[in-house]
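Worksheet for the structure shown next.
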Amino acid sequence: MPLHRLHIQTTGPGLYDVTHQVQHFASELNSSDALLTAFVRHTSCSLVIQENADPDVQRDLQAFLARLVPAGDDTSMSWLTHTAEGPDDMPAHIKAALTQTSIGIPVADGRLMLGTWQGIYLFEHRHRPHRREIVLHLTG
């Protein structure tokens, strides 16, 4: 049951495509049928499977989450009590809770069984740069 760690440098909010790195891990092992689990080891970013063809989808998703969960210095967020790490921190935790920190992807003949227009993304919710870690685990 191989385990691998990806380190992703982010530069601010957005979706960072990690599909190729994840696929590389799965294909290196030449696994026939398996389940790949990707898990991000942080509480203010998340993982999503999303369309990889039209960047407008990613922009719209980011805009939707920003409207749903505004920055902590927005007057609508005055109820927040966790504010010590800046106005983007608690909203980032909320966005991560609304999305996911772990995803499972079937693997067949060493290939991720993603749909034609699907990609795997680290979804950064913080404004300053971070070094994020994604743990990949293959079982089967």
Side-chain angles (χ1 to χ4, degrees):
M1 293 188 276
L3 189 82
H4 180 69
R5 295 171 190 215
L6 291 179
H7 293 97
I8 309 299
Q9 184 65 48
T10 66
T11 56
L15 287 98
Y16 296 80
D17 191 346
V18 297
T19 311
H20 295 294
Q21 295 103 306
V22 175
Q23 177 57 63
H24 180 72
F25 169 70
S27 60
E28 260 189 348
L29 299 171
N30 260 345
S31 184
S32 55
D33 294 334
L35 178 65
L36 182 130
T37 301
F39 172 75
V40 65
R41 299 185 64 209
H42 307 278
T43 59
S44 57
C45 65
S46 53
L47 294 173
V48 294
I49 293 178
Q50 200 46 254
E51 180 175 327
N52 62 7
D54 186 350
D56 286 345
V57 172
Q58 295 173 26
R59 282 190 284 277
D60 288 348
L61 181 59
Q62 289 179 77
F64 170 76
L65 279 180
R67 289 179 66 176
L68 186 64
V69 186
D73 53 5
D74 186 284
T75 57
S76 68
M77 299 295 277
S78 62
W79 54 271
L80 293 177
T81 56
H82 177 73
T83 59
E85 295 178 58
D88 69 329
D89 186 50
M90 190 59 216
H93 291 298
I94 295 169
K95 290 172 185 176
L98 292 173
T99 51
Q100 53 204 356
T101 56
S102 179
I103 52 177
I105 304 158
V107 176
D109 298 319
R111 300 284 311 156
L112 300 173
M113 298 301 295
L114 294 171
T116 302
W117 307 114
Q118 288 183 318
I120 306 165
Y121 295 89
L122 171 75
F123 200 165
E124 178 62 71
H125 303 301
R126 296 294 307 267
H127 290 288
R128 64 181 176 86
H130 283 83
R131 182 174 163 85
R132 302 301 195 172
E133 183 176 272
I134 301 171
V135 178
L136 304 176
H137 185 234
L138 197 63
T139 51

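- Minimum heavy-atom separation, Arg132 to Ser44: NH2-OG, 3.1 Å.
- Contact check for Arg59 versus Asp56: side-chain heavy atoms found under the 4.5 Å cut-off.
- Using modelled atom types, no side-chain atom of Glu133 and backbone atom of Val40 make a donor-acceptor pair closer than 3.5 Å.
- Under the 4.5 Å side-chain heavy-atom criterion for grouping Ile, Leu, Val, Met, Phe, Trp and Tyr, Val48 is connected to Phe64 within one hydrophobic cluster.
- Atom CG of Leu36 is separated from atom CD1 of Ile120 by 7.0 Å, given to the nearest 0.5 angstrom.
- Rounding to the nearest 0.5 angstrom, the gap separating the CG atom in Asp73 from the OG1 atom in Thr75 is 9.5 Å.
- To the nearest 0.5 angstrom, Leu47 atom CG is 10.0 Å from His42 atom NE2.
- When side chains are defined from C-beta on, Leu122 does not count as touching Leu6, because their heavy atoms never get closer than 4.5 Å.
- Not one N or O on the side chain of Asp109 forms a donor-acceptor pair closer than 3.5 Å with the backbone of Arg111.
- Scanning both residues, Glu124 and Cys45, for their nearest heavy atoms gives CA-CB, 4.1 Å.
- In this structure, Leu65 is not a member of the same hydrophobic cluster as Ile103, with clusters built from ILVMFWY side-chain heavy atoms closer than 4.5 Å.
- With hydrogens and angles left out, the side-chain atoms of Thr43 and His93 include a donor and acceptor closer than 3.5 Å.
- The side-chain heavy atoms of Leu98 and Ile94, taken from C-beta on, include a pair separated by under 4.5 Å.
- The structure places CD of Gln21 at 13.0 Å from OH of Tyr16, a figure rounded to the nearest 0.5 Å.
- Cluster annotation: Tyr121 is not connected to Ile134 through the hydrophobic network of ILVMFWY side chains, with a link wherever side-chain heavy atoms come within less than 4.5 Å.
- Between the side chain of Asn52 and the backbone N or O of Gln118 there is at least one donor-acceptor pair closer than 3.5 Å.
- Scanning both residues, His125 and Ala92, for their nearest heavy atoms gives CB-CB, 3.5 Å.
- Here the CZ-CD distance, from Phe123 to Gln50, works out to 8.5 Å after rounding to the nearest 0.5 Å.
- Across all non-hydrogen atoms, the minimal contact from Ser46 to Thr99 is OG-OG1, 2.7 Å.
- In terms of heavy atoms, Ser102 sits closest to Phe39 at CB-CD1, 3.9 Å.
- Around atom NE2 of His20, no more than 12 heavy atoms belonging to other residues, nucleotides or ligands sit under 6.0 Å away.
- How far CD1 of Ile105 is from CD of Gln23: 9.5 Å, rounded to the nearest 0.5 Å.
- With hydrogens and angles disregarded, no donor-acceptor distance shorter than 3.5 Å links the side chain of His82 to the backbone of Leu80.
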